[in-house]
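Working notes, structure below.
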Amino acid sequence: MANSALEVQALSKRIGNKLIVDGVSFQIQKGEIFGLLGPNGAGKTTIIRMIVSLINRTGGKVFIDGTDIDSNFSEAMNKLGAIVENPEFYKYMTGYQNLKHYARMSLSPISQERIDEIVKLVDLENAIHQKVKTYSLGMRQRLGVAQALLHNPSIIILDEPTNGLDPQGIREFRQHLRTLADQGIAVLISSHLLSEIELMCDRYVIIEKGKLIHSASIHEGNDVEQEQLREVIFTVNSSETAIKLLKNLSISNVVKKSEQSIMLMLPYEEIAKINAHLVKNEIAISEITVTRKTLEDRFIEITNQQEEMAVK
Amino acid sequence: MIKLIKNEWIKIFARKSSYVYLILLVVFLFIGAFAYDKLFHVIGGAMTEVAADGSSTATEEQPSVWNFLNTVVLGITSFVTLFSVIVVSQNISAEFGDGTIKQLLIRPYKRWKILLSKYFAVNLYSLLLLIGLVAFGFIIGSIFFGTGGFHKEIVTGGLFSDAVKTTTEGGQFIQTFIYYLPGLILINTISFMLSTLFKNQALAVGVGIFVLFISSTLSGIFTMLLDRYEWFKYLIFPNLDLTIYTYDDTVNGMTVGFSFTVMVVYYLLFMIITFYSFQKRDIVA
């Protein structure tokens, strides 16, 4: 069996009496974009810093492409690339000098061609010989990716990668990541921006108060449980008549949005019935909109449940 | 490891200030040479007058390059120490301050290797400043005062005891130069330790310079207190400067061997503190 690009087993971190991270385990396969999701202060950054061994682990194991980071640190680290928090560089050196600097620290030699290739990949050819202090945040982010990719790692870890990027930059960044994943590189992303994770990742876990509380793939996440109530908007020729008709069905939680549209909460399978009823009574329906549950809603839902449980 | 040191070396010289310190040393040398030249003309003039009187048999003192090295150049070594402290302190704390330490430590090298490469690089820079100073000092001195004078006999001593000794200008310079080195390395090591512990750039440079200045002041005070408190001589401050032993073999009952041993002990202690704390630290910068 092929190794997973990254495997984390029962990772935990204790500072004083507080468990900042508590028994977190997950695996990331090659070519997969994996999201680490959670509110600020949930312990995402601590998890990432433990994986790249900037922070000592209180407990747990980290395997990078099957190599145990404890028993074979250098070999494991050589298969990993990362940007931890902001992409920081030596501002007084050029982008190229910075890359050369990191290239020298690789265990496997990195050729001139490889550096040029990476620079081209991240679209920095025109600016690479300028000092990093002249770079925009987007350019530094790209240089960060370049630096992480130089030595052909099995996995790259990006901590809050879209922080401070403009929408255009975020879109480009997303495309870059997809290209990388298609080449078989695993990507670990942390973010508190739920919509971002939703757009970028194949799979994600939610971290809350240092614990892994939910794990899912984006695709399962999209077909939300059938019985759950959704917000449904009917665009009709007359809101008044429609509301009256629905009242007769003893559905009272109808909100009149405008003269032409009403909104109500329905489980998925009820939508067709309501539609049939309205049409039968000569209401012209021009549009039915079911608001898709976003990751954001699920996230808040899940974290709220968690909180309620904690209260109980 | 060589690659790591090369990286650090490149980073030191990617900063303009690293060149500025070298240039400043050369400027100081020129100023020193001018002043020293002027001084000798004045003294020389006075001496000639005395000699014309016939009441003095003093032979006219002519400064040589070795004489210049012994007085002016060795004086400027304080600036070598000062600039070294600044560069050393900045080296680590800047990595913490800019957050680049994170990117540096996620490479396939153990932390202590990365720290050691930095330690080597900054000490090499420090040595470069010193060698640059002596080399330029020799060139400038030769231009101003002519070569030669290496074997000229001089009398030193009597600063801390009544004993005097005779040596040559060249011998005196080489001995002072060698005695200066351990102090420089130890002060670099202290600065290196402080910047690793504090992480804060301004604080590290500030405290480093503070230690440098206070040590020269304190060593004077300590020397006075040495008579009363025997254990004072085991402190670091009275032992930081070995060059005093070029004048007298024993100073306050301490010898160069004793001071050097004390330095080695402190050196090992500081290195252990530095590397241990760096190895264990959680990088949260």
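Here is how names work: the chains are called A, B, and so on, in the same order as the sequence lines, proteins then strands, and each is numbered from 1.
Judged by distance alone, with hydrogens and angles left aside, the side-chain atoms of A:Asn98 form a donor-acceptor pair with the main-chain N or O of A:Thr94 at under 3.5 Å. Put simply, the side chain of B:Asp282 gets close to the backbone of A:Asn56: a donor and an acceptor are under 3.5 Å apart. Put simply, the side chain of A:Asp68 never gets that close to the backbone of A:Phe63: no donor and acceptor are under 3.5 Å apart.
Ring planes of B:Tyr36 and B:Phe68: tilted class, angle from 30 to 60°. Relative ring orientation between A:Phe26 and A:Phe34 is described as parallel, the plane-to-plane angle staying below 30° on a 0-90° scale split at 30° and 60°. Between B:Phe79 and B:Phe28, the ring-plane angle classifies as tilted under the 30° and 60° cut-offs.
With a threshold of 4.5 angstrom between heavy atoms, B:Leu104 approaches chain A through its backbone and through its side chain. Contact annotation for A:Met93: only side-chain heavy atoms (C-beta onward) come within less than 4.5 Å of a heavy atom of chain B. If you measure heavy-atom distances from A:Thr45 to chain B, you find no contacts under 4.5 Å at all. Residue B:Ile106 touches chain A through both its backbone and its side chain, counting heavy-atom pairs closer than 4.5 Å. Both the backbone and the side chain of B:Lys11 have a heavy atom closer than 4.5 Å to some heavy atom of chain A.
Residue with the most contacts toward chain A among B:Arg111, B:Arg281, B:Lys16: B:Arg111 (heavy-atom pairs, distance under 4.5 Å). For the set A:Asn86, A:Leu54, A:Leu80, the entry with the most heavy-atom pairs within less than 4.5 Å of chain B is A:Leu54.
Donor-acceptor pairing under 3.5 Å is recorded for the side chains of B:Tyr180 and B:Thr81. Between the side chains of A:Lys79 and A:Thr67, at least one donor N or O sits under 3.5 Å from an acceptor N or O. Side-chain atoms of B:Thr100 and B:Glu95 form a donor-acceptor pair, as typed in the model, at a separation below 3.5 Å.
When the heavy atoms of residues 7-22 of chain A are compared with those of chain B, the residues falling under 4.5 Å are A:Lys13, listed by number. Contact annotation for residues 124-153 of chain A against chain B (heavy-atom separation below 4.5 Å, listed by residue number): A:Lys131, A:Gln147, A:His151.
When ring centroids are compared, B:Phe96 and B:Phe198 stay outside the 6.0 Å threshold.
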Taking distance alone, no hydrogens or angles, what donor-acceptor pairs closer than 3.5 Å link side-chain atoms of residues 262-274 of chain B to residues at least two apart or in another chain?
| residue | atom | partner | partner atom | Å |
| --- | --- | --- | --- | --- |
| B:Tyr266 | OH | B:Tyr234 | O | 2.9 |
| B:Tyr267 | OH | B:Tyr119 | OH | 3.0 |
| B:Thr274 | OG1 | B:Phe270 | O | 2.6 |

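Within the cation-pi definition used here (under 6.0 Å to the ring centroid, within 45° of the axis), B:Arg15 qualifies as a partner of A:Tyr92.
A side chain to side chain donor-acceptor pair (under 3.5 Å) check over residues 123-133 of chain B, counting only residues at least two apart or in different chains, returns the pairs B:Ser84-B:Ser126, B:Asn123-B:Asn188, B:Ser126-B:Asn188.
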